[in-house]
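Pasting a structure below so you can have a look.
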Amino acid sequence: MCATCGCDTDATSAIHHFGDHEHASHQHGEQHTHDHPHPSPKTIVDVEKDVLYQNNLLAERNRGYFDAKNILALNLVSSPGSGKTSLLERTLIDLKDKLKFAVIEGDQQTTNDADRIHATGTKVTQINTGKGCHLDSHMVLHALQGMRPQENSVLFIENVGNLVCPAMFDLGEKERVVIISVTEGDDKPLKYPDMFYSSTLCIINKIDLLPYVPFDIDKVKTNAKKVNHKLEILEVSCTTGQGLDQWYEWLQAKVTVAELT
Amino acid sequence: MHELSIVMSVIEIAQQQATHANASIIDEIELDIGSMSGIEMSAWDFAWKQGVRNTILENAISKINLIEAKAKCNDCDAEFPIEHYYDPCPVCGEHLISIIQGKELRVKSLVVS
């Protein structure tokens, strides 16, 4: 209760009043009350709340669910066309006998990617964001409620192809994996630094095309490390299979760590 | 254009807080936005104008505290202002830096009546 006029305050927000509650001095000869109208006083509410707290709260809820069920959740982010779905298709087929998988696909429209994943025999849910440019933790929460991924599995969340907006939205994932292909510019980490800063692994895809494109692989690595010195970097080709062993080793290692912790 | 989603989150927080304070009007809203929070201010202004229409924030004055980003060098401990993630430490030239300020994105206060 506010001591001045008795309005409600809540536990997290302190409320102060601008209104002047001084009373002119007067004799206390008779019984009287101090009721008086408040001319809609202006009130300051101290909020101090993170704008994304609702998203972050639900992300933590997802994270708790993943931890309890020992699910390794990975958020795959990239620009459109870098090969996220191809990398998944290949991974799901190659590791079919070693790990259990589930996939959440995020796209503005169509179930094309979910259809491709479904064809590998993997459990998949498609989220269509409509006009939305990123997945958020609320969408993932609902997808999880529908799909109920198995315990001790790996869940790939393929985000909407966009190197900007998904960077701000925690989905509850364990690791964020950014994918870039050699047909893009080698200055991409500098142009879209938020995504490279917030990721833990960077996969450079389509390296079989290196002889045909002016892409300097050392330069892209240097640029990525300038933005995020902790970033791990792998080079792969989903077409030839080159480098995929290292990706699979990374994945297996994360699964083992998750089982041990 | 994630700024619109962020504006919608701000409206939700403001609405909740105003309801809690038994207020029907929000006169002013104060926000902290860090220069490395991922918000593009021109996109923000556009999203704000569209987003607050017909909401409790429609006529509110929005006061934005822009917070300049700072980093600390993990190698030599120097603290310095930073504009880009790839800026090196001005003292030792290393990229081993941690951002210590500038990622803020929060609703600081409201003036309601």
Side-chain angles (χ1 to χ4, degrees), chain A residues 2 7-19 38-56 129 131-136 138 160 162 164-169 187 189-198 222-231, chain B residues 1-14 16-34 36-40 43-44 71 73-75 82-89 93-99 103-113:
Chain A
C2 166
C7 67
D8 282 325
T9 59
D10 73 73
T12 52
S13 309
I15 301 185
H16 313 289
H17 282 254
F18 282 139
H38 278 212
S40 62
K42 290 205 189 309
T43 306
I44 297 181
V45 182
D46 286 334
V47 183
E48 294 288 351
K49 213 163 212 174
D50 195 297
V51 173
L52 290 169
Y53 90 100
Q54 194 66 38
N55 183 74
N56 296 342
T129 59
K131 298 284 182 286
C133 50
H134 57 267
L135 292 180
D136 63 32
H138 192 221
V160 178
N162 177 345
V164 186
C165 311
M168 287 186 78
F169 297 85
D187 55 354
L190 304 182
K191 285 173 159 174
Y192 302 97
D194 282 289
M195 200 60 96
F196 288 84
Y197 182 78
S198 63
T222 309
N223 287 337
K225 288 279 192 186
K226 274 185 191 171
V227 171
N228 178 0
H229 59 87
K230 293 178 190 157
L231 193 67
Chain B
M1 186 63 184
H2 53 284
E3 282 79 2
L4 190 58
S5 318
I6 307 285
V7 168
M8 300 318 273
S9 301
V10 171
I11 295 167
E12 207 180 307
I13 292 171
Q16 280 170 1
Q17 296 285 330
T19 307
H20 223 95
N22 291 321
S24 50
I25 298 167
I26 297 181
D27 298 291
E28 200 180 308
I29 181 162
E30 187 182 1
L31 302 161
D32 285 344
I33 301 183
M36 292 180 100
S37 64
I39 297 294
E40 179 56 43
W44 174 267
C73 179
N74 297 349
D75 238 23
I82 186 170
E83 203 177 331
H84 307 110
Y85 286 99
Y86 53 81
D87 288 345
C89 169
E94 274 298 337
H95 285 282
L96 301 170
I97 60 170
S98 302
I99 291 160
K103 301 286 284 179
E104 298 79 1
L105 185 55
R106 64 179 167 244
V107 180
K108 196 162 171 58
S109 67
L110 300 172
V111 176
V112 299
S113 54

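We name chains A, B, ... by the order of the sequence lines, and we start the count at 1 in each one.
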What do the steps show when you test A:Met168 against B:Ile6 for side-chain contact (heavy atoms from CB on, under 4.5 Å), and what is the final call? CA-CA 10 Å; A:Met168 287 186 78; B:Ile6 307 285; 3.9 Å; yes
Supply the atom-to-atom distance B:Asp75 CG to A:His229 NE2, rounded to the nearest 0.5 angstrom. 9.5 Å
Considering only heavy atoms, which portion of A:Gln54 lies under 4.5 Å from any heavy atom of chain B: side chain, backbone, both, or neither? side chain
Heavy-atom distance under 4.5 Å to chain A: side chain of B:Asp87, backbone, both or neither? neither
To the closest 0.5 Å, what do you measure between CG (B:Leu105) and CG (A:Asp50)? 6.0 Å
What is the distance from atom NE2 of B:His95 to atom CG of A:Asn223, rounded to the nearest 0.5 Å? 9.0 Å
Chain A contact via B:Glu12 - side chain, backbone, both or neither, heavy atoms under 4.5 Å: side chain
Honestly, the part of A:Phe196 sitting under 4.5 Å from a heavy atom of chain B is neither
Atom pair OH/CD1 of A:Tyr197 and B:Ile99 - distance to nearest 0.5 Å: 4.0 Å
Are more than 12 heavy atoms, taken from residues, nucleotides or ligands other than A:Glu48, located less than 6.0 Å from that residue's CD atom? yes
Under 4.5 Å from a heavy atom of chain A, the part of B:Ile97 involved: backbone
Contact winner vs chain A - B:His84, B:Glu30, B:His2, heavy-atom pairs under 4.5 Å: B:His2
Per-residue contact mode, B:Ser5 against chain A (heavy atom under 4.5 angstrom): side chain
With a 4.5 Å limit on heavy-atom distance, are the side chains of A:Lys49 and B:Gln17 in contact? yes
Side chains of B:Ile25 and A:Lys42 in contact at under 4.5 Å (non-hydrogen atoms): no
